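Note that this is a predicted model, so its numbers are computed, not measured.
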Amino acid sequence: MKKLPFFILFLLIQGCNYIDKNRQTSINFNCPRLFFSSADRIFIDSSNPLDNVLLKAELNNFQINTECQQKDKIVIIPLDLLIIAKPMDDLLNPEINMPVYISLLDKNDNLLETQYFMVSGKLNKNSETNKYIETDVSERLNVITQYLETYQVIIGFMLDERKRKFLN
């Protein structure tokens, strides 16, 4: 009977050790340098022919407001993005979707990885004219990667060749 309390105590200690071993710890990670892509900073949305541009959006600002974290062999980069969206024509739908890419580079400018995101928003409407107006769209994108050597992040809009030619 005297062995039973020791056995229970042993089980409790082992259980706490097991929980402690499985607990993931995160450490601060040096956040990479951020840049916009000069070629892909402007986004346009149009009807089928490019004669009728419905929306023009521009990457305006970015910031890392919380610390970058490393958990085991995974890095989390919380990136806040600001886009200025301006309707160019009378839109029927205020919902907008803008595809964005984020490329991760090492110290030697070698491409490590590219991730793709969809930034969604809703255009504001002028109550007097009942037309959509220029609107700030902000969103936090969490870049999750296993590349611990990430040194730079390049942000840009995804554009097809037709839209890219139209902008140039």
Side-chain angles (χ1 to χ4, degrees), residues 26 28-71 73-107 109-168:
S26 65
N28 287 345
F29 178 78
N30 286 334
C31 292
R33 297 170 52 188
L34 303 174
F35 299 98
F36 285 132
S37 167
S38 59
D40 300 328
R41 192 169 179 166
I42 296 175
F43 173 79
I44 57 171
D45 194 8
S46 62
S47 56
N48 233 358
L50 278 176
D51 297 335
N52 191 15
V53 175
L54 302 174
L55 176 78
K56 181 179 178 182
E58 183 175 355
L59 291 167
N60 183 274
N61 206 347
F62 53 78
Q63 189 168 358
I64 295 177
N65 285 321
T66 59
E67 294 291 327
C68 296
Q69 297 287 313
Q70 179 182 344
K71 293 182 182 182
K73 294 183 180 183
I74 301 292
V75 174
I76 302 169
I77 305 167
L79 176 64
D80 292 329
L81 194 59
L82 175 65
I83 299 171
I84 307 297
K86 182 178 181 183
M88 303 301 287
D89 203 353
D90 289 333
L91 296 176
L92 301 175
N93 186 0
E95 302 291 327
I96 54 174
N97 295 306
M98 298 164 286
V100 173
Y101 69 85
I102 295 179
S103 294
L104 309 178
L105 307 173
D106 66 9
K107 284 186 178 183
D109 293 337
N110 296 317
L111 179 65
L112 300 171
E113 175 183 22
T114 300
Q115 296 185 18
Y116 304 95
F117 299 88
M118 184 65 75
V119 176
S120 299
K122 190 173 183 178
L123 291 171
N124 296 331
K125 199 177 234 187
N126 183 328
S127 59
E128 293 175 6
T129 63
N130 211 23
K131 291 188 177 189
Y132 295 110
I133 57 173
E134 184 174 283
T135 304
D136 295 349
V137 178
S138 60
E139 188 160 331
R140 172 166 289 169
L141 305 175
N142 287 314
V143 179
I144 300 171
T145 184
Q146 59 187 341
Y147 291 102
L148 303 178
E149 64 274 14
T150 299
Y151 184 72
Q152 297 179 71
V153 172
I154 309 296
I155 307 159
F157 284 115
M158 293 172 35
L159 300 169
D160 59 27
E161 286 304 313
R162 195 181 70 188
K163 290 179 182 178
R164 191 171 276 126
K165 285 179 184 178
F166 181 78
L167 287 170
N168 292 332

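- Contact annotation: the side chain of Thr150 never approaches that of Val75 to less than 4.5 Å [non-hydrogen atoms, C-beta and beyond].
- One finds the CE atom of Met158 at 9.5 Å from the CZ atom of Phe43 (value rounded to the nearest 0.5 Å).
- To the nearest 0.5 angstrom, Asp45 atom CG is 6.0 Å from Leu54 atom CG.
- To the nearest 0.5 angstrom, Ile74 atom CD1 is 8.0 Å from Leu148 atom CG.
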Scan the side chains in residues 111-121 for donor-acceptor partners under 3.5 Å anywhere in the protein, sequence neighbours excluded, and list what turns up.
unit_1: Glu113; atom_1: OE1; unit_2: Thr145; atom_2: OG1; d: 2.6
unit_1: Glu113; atom_1: OE2; unit_2: Gln115; atom_2: NE2; d: 3.4
unit_1: Thr114; atom_1: OG1; unit_2: Ser103; atom_2: OG; d: 3.1
unit_1: Gln115; atom_1: NE2; unit_2: Ile144; atom_2: O; d: 2.8
unit_1: Ser120; atom_1: OG; unit_2: Asn97; atom_2: OD1; d: 2.7

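- Expressed to the nearest 0.5 Å, how far CE of Met88 lies from CD of Glu134 amounts to 10.0 Å.
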Checking side chain to side chain donor-acceptor pair (under 3.5 Å) for the pair Tyr101/Asp40: CA distance, chi angles, key distance, verdict? CA-CA 9 Å; Tyr101 69 85; Asp40 300 328; 2.8 Å; yes

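- There is no side-chain donor-acceptor pair under 3.5 Å between Asp109 and Tyr151.
- Between Leu55 and Pro87, the shortest heavy-atom contact is CD1-N, 4.0 Å.
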Step-by-step side chain to side chain donor-acceptor pair (under 3.5 Å) determination, Glu95 to Asn93: CA-CA 6 Å; Glu95 302 291 327; Asn93 186 0; over 6 Å; no

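- Of the candidates Ile154, Leu34, Val143, Ile102 forms a side chain to side chain contact (heavy atoms under 4.5 Å, CB included) with just one, namely Val143.
- Between Met98 and Val137 the shortest side-chain heavy-atom distance falls below 4.5 Å.
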Could you pull out every donor-acceptor pair under 3.5 Å between side chains of residues 123-131 and any protein atom, sequence neighbours left out?
unit_1: Asn126; atom_1: OD1; unit_2: Glu128; atom_2: N; d: 2.8
unit_1: Asn126; atom_1: OD1; unit_2: Thr129; atom_2: N; d: 3.4
unit_1: Thr129; atom_1: OG1; unit_2: Lys131; atom_2: N; d: 3.4

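- Closest non-hydrogen pair, Ser37 versus Gly156, comes out as CB-CA, 4.2 Å.
- Closest approach of Leu159 and Ile42 over heavy atoms only: CD1-O, 3.4 Å.
- The shortest distance between side-chain heavy atoms of Leu79 and Phe62 falls below 4.5 Å.
- Distance check: Ile83 CD1 to Leu59 CG gives 5.5 Å after rounding to the nearest 0.5 Å.
- Judged purely by atom type and a 3.5 angstrom limit, Ser138 has no side-chain atom pairing as donor or acceptor with the backbone of Asp136.
- Between Gln152 and Asp106, the shortest heavy-atom contact is NE2-O, 3.9 Å.
- The two residues Ala57 and Phe157 have their closest heavy-atom pair at O-CE1, 3.9 Å.
- For the pair Lys86/Thr135, no side-chain contact is recorded, criterion being any heavy-atom separation below 4.5 Å from C-beta on.
- Separating the CD1 atom in Ile77 from the SG atom in Cys31 is a distance of 7.0 Å, to the nearest 0.5 Å.
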